[in-house]
Amino acid sequence: MFPDSTSHRGHFDLVGEGELGRAKFTLLRFNSHFCVGLQHKMLVFVGPHVDYTTASCRRSMAVSTLPQPRVFTDLRLSFISPSSPSPSADSSLHTAPFDWSPSVSAVATLTSDHSGKLVDFHFTSNDDGAGSNFRCYLQHTQVCKVGPASQFWMVEDSAPSLNPKAPYSEGFGVSFTSEEASNSLFAAVREWKSAGDVLANGLVDHSRDANRFDKKIESSSAKLYFHYYGQLLHQQNMLQDYVRTGTYYAAVLENFIDFQGRVVVDVGAGSGILSLFAAQAGAKHVYAVEASNMAEHARKLIAGNPALSSLITVIHGKVEEVELPEKADILISEPMGTLLVNERMLESYIISRDRFLKPTGKMFPSLGRIHLAPFSDEYLHVEIASKALFWQQPNYYGVDLTALYDTAFQGYFSQPVVDAFDPRLLVTPPITHTIDFTKIKEEEFYEISIPLNFTATMATRIHGLACWFDVLFNGSAVPRWLTTAPGAPTTHWYQLRCVLSQPLYVMAGQAITGTLNMVAHSAQSYTLNLTMSVKMWNGPGQGVMQTSSGKLDLKEPYYRMSQPQAYVWTQDQVQQMQQAQQPPQAQSSQPQNDTSTVQALPLAAWAGQRQHQMQLSTDIMGKLIGGFFCFCLMLLPVAGHESTIHTMWSWLRIMIDFWVFFWMRSIHKEVPLDGKYDDNYQLGIF
């Protein structure tokens, strides 16, 4: 049936009729689109877009085993093409808006390639006798029976077979020698549409209208996302994060007992580096699933390691739609983004757990934690606020910009700051929000609410909330943490700070409360709603609550720095760290079951302190010597005798000797950690 004109806000105009074999069809115009009515049972648009088809042509098919390729002979094809517009408006009602090409003999083959299932039509042109091929990918093709031995095929304008992609759909007719031959091809096409797509290394279901990923993520965001991770330079950036890559390597190889003889699925494999690690650890087989074009580079990289290549199968597709021949014992992935949850890949990680992992299987990583603490950074606050001063110009080339100042001011404070900051900026010990990847549901990532409750350790101004994360690889042999904490070796995730446009004033011992509410959106990120409050006491039983709030978009951060810095740890901070790191009695249990053990301060923190002290002493003494030298030059014309010059030179030598002594003392100063170092980094700061 045709759709009624009211529901589609348009009307149909009869523009002509025609025949295809023994079947009649009617040509209609619907708004700006041409339509083909086939025996009053089917409607197909031939205009710029395929906007409507009957439900029978868009049913969702279940995944099944792909049938064997089939060949159909004795076909004749006739292609449809737009005709020149009629010079008379009246005569256009009696003239078809397109022409049929002469029919040609063809052979159809049902098969598949890396883009999906298809029907490959091979035909010989009547003009020059040359052979030609036309491919119809089934997920972009509609097939309609218009007679006992006639069919009408429509290929959407987005199909990969239209190369270069045409702005219009492609339509053609297929005639058969018998009704039996027509029914045979029609049934075979339906059977193939209901089956999964075989790629070079796996099985993918393209027949669904939309999977869970496509339903919740904007297509434009997904396109940019997969394009970004499909480039080798971005993969190199992650591979050169040696804290990240080295921790994964250690977590896999140290826990080889978990991988030996096991089936592993690498979710979002990227370059395939984690798959290669798993194969090195003795995995029985690794399925590397990657949705971007990086899958092709992963195949090349894996093929370049012949000792491991036979153990790894690369599957180009989304984890939401691929099918694997067996369940996995181990799920490994690097799904973390800024603030752990950015890019929303953790949801795909959980979907993979539900689809592929055995009930007794392991996840690497298995647990993630978000750490949060208020911070004070006057310089950062002034830096962000000063960006909006541009919009306070009342005469910018004769234009008053001040009307947009408030909007620009709030816009700059809506950007989370991504950088590596000094942990001494924190004004309270951090709190922790834990996410257990083995138990959490996908829907729980849609909105995450973290209550805030701190106690200030000093009197200062609070400028916002600092955040970082760590993840646990809870292997059977050696549990290992990967942390992005401030003061620890810097990773490509850095840390994140939500800066409030209105700072809060606190005194030591005051309670700081609030909420960080994170709401997922379709651009593969989160909207952060931050509220922080401090109660100011005016007298007994009285108080005023000062509150500051902000709305930030995790999708649009302010990347403040690109190079890591060494940060200073004072001696009292080191002592506090050592006291905090004393294992309580409860930590005497097995290490693989203990997910709260605080490890020793990394050597990099002590090295940064020494480096900073020496640099500071050099700068101070250099400035003093330089100033004294300039002072001597100013007094030189006044000094009338040699003894004055000799006195000045003696003082200069004393200053140089003092600086050398101070510098040597810094070099030989004793290590403040009793020589006890641990390559597992600390989980927090206090």
Side-chain angles (χ1 to χ4, degrees), residues 211-213 216-217 221-222 225-226 228-230 234-235 237-239 241 243-245 247-249 251-252 264-275 277-278 286-292 294-295 298 315 317-322 324 328 330-357 361-370 433-446 448 467-475 480-484 491-494 496 518 520-521 523-526 554-555:
N211 58 43
R212 294 156 76 175
F213 180 89
K216 65 187 180 184
I217 300 300
S221 175
Y225 175 77
F226 292 127
Y228 179 90
Y229 285 107
H234 298 303
Q235 295 292 329
N237 177 52
M238 293 184 289
L239 291 174
D241 181 348
V243 176
R244 162 199 177 268
T245 308
T247 302
Y248 268 92
Y249 180 79
V252 173
V264 180
V265 173
D266 183 0
V267 180
S271 63
I273 189 69
L274 300 185
S275 298
F277 290 169
V286 183
Y287 295 95
V289 184
E290 173 58 37
S292 74
M294 185 53 57
I315 302 175
K318 300 185 183 74
V319 295
E320 290 84 357
E321 57 188 17
V322 302
L324 302 179
I330 299 288
L331 211 63
I332 190 170
S333 179
E334 195 264 76
M336 300 87 72
T338 308
L339 194 56
L340 184 63
V341 296
N342 188 37
E343 296 179 344
R344 300 185 65 178
M345 188 181 168
L346 278 172
E347 298 168 35
S348 297
Y349 188 43
I350 301 306
I351 292 174
S352 302
R353 177 201 68 190
D354 297 338
R355 298 193 64 208
F356 306 135
L357 190 64
K362 280 184 170 289
M363 300 178 71
F364 279 65
S366 59
L367 181 142
R369 305 192 307 181
I370 301 175
H433 178 78
T434 303
I435 301 175
D436 189 343
F437 301 145
T438 64
K439 299 178 181 179
I440 192 172
K441 298 179 181 179
E442 177 204 357
E443 295 77 12
E444 296 180 50
F445 283 105
Y446 295 171
I448 302 173
C467 312
W468 62 95
F469 70 88
D470 51 32
V471 293
L472 171 66
F473 302 93
N474 196 21
R480 181 170 287 273
W481 288 90
L482 169 60
T483 183
T484 64
T491 69
H492 76 284
W493 290 287
Y494 297 100
L496 181 136
M518 302 187 291
H521 57 66
Q524 291 178 271
S525 192
Y526 283 78
L554 191 56
K555 181 76 171 181

Worked check of ring-ring contact (aromatic ring centres under 6.0 Å, His included) between F226 and F213: CA-CA 13 Å; F226 292 127; F213 180 89; 5.7 Å; yes
[atom1]/[X] to [atom2]/[Y] distance, rounded to the nearest 0.5 angstrom?
X: I217; Y: H521; atom1: CD1; atom2: NE2; result: 9.0 Å
X: L346; Y: I440; atom1: CG; atom2: CD1; result: 8.0 Å
X: I435; Y: I448; atom1: CD1; atom2: CD1; result: 4.5 Å
X: Y349; Y: M363; atom1: OH; atom2: CE; result: 4.0 Å
X: T247; Y: F473; atom1: OG1; atom2: CZ; result: 7.0 Å
X: L357; Y: T438; atom1: CG; atom2: OG1; result: 9.5 Å

Can you find a pair of side-chain heavy atoms, one from [X] and one from [Y], that are under 4.5 Å apart?
X: L339; Y: M518; value: yes
X: L496; Y: L554; value: yes
X: H234; Y: Y228; value: yes
X: S333; Y: M345; value: yes
X: I332; Y: V264; value: yes
X: V286; Y: L274; value: no
X: F437; Y: R353; value: no
X: P365; Y: L472; value: no

Which pair of non-hydrogen atoms, one from [X] and one from [Y], has the smallest distance, and what is that distance?
X: T484; Y: W493; result: CG2-CE3, 3.8 Å
X: V265; Y: F356; result: CG1-CD1, 4.3 Å
X: K441; Y: I350; result: C-CG2, 4.3 Å
X: S221; Y: K555; result: OG-NZ, 3.7 Å
X: S525; Y: N342; result: OG-OD1, 2.7 Å

Are S271 and L239 close enough, and set up right, to give a side-chain contact (heavy atoms from CB on, under 4.5 Å), and what steps lead you there? CA-CA 9 Å; S271 63; L239 291 174; 4.1 Å; yes
Please step through side-chain contact (heavy atoms from CB on, under 4.5 Å) for the pair Y248 and L482, ending with a clear verdict. CA-CA 8 Å; Y248 268 92; L482 169 60; 4.1 Å; yes
Does E347 come within less than 4.0 Å of R344, counting only side-chain N to carboxylate O?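 Between R344 and E347 there is a salt bridge, with a charged N closer than 4.0 Å to a carboxylate O.
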Atom OH of Y249: over 12 foreign heavy atoms under 6.0 Å: no
Please list, chain by chain and in numerical order, all residues satisfying salt bridge (charged side-chain N to carboxylate O under 4.0 Å, His left out) with E442, sequence neighbours excluded.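 Scan of E442 (salt bridge (charged side-chain N to carboxylate O under 4.0 Å, His left out), adjacent residues dropped) gives R212, K216.
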Sidechain-backbone polar pair: [X] side chain, [Y] backbone, donor-acceptor under 3.5 Å:
X: E290; Y: G270; value: yes
X: R244; Y: M238; value: yes
X: D241; Y: H492; value: yes
X: R480; Y: G475; value: no

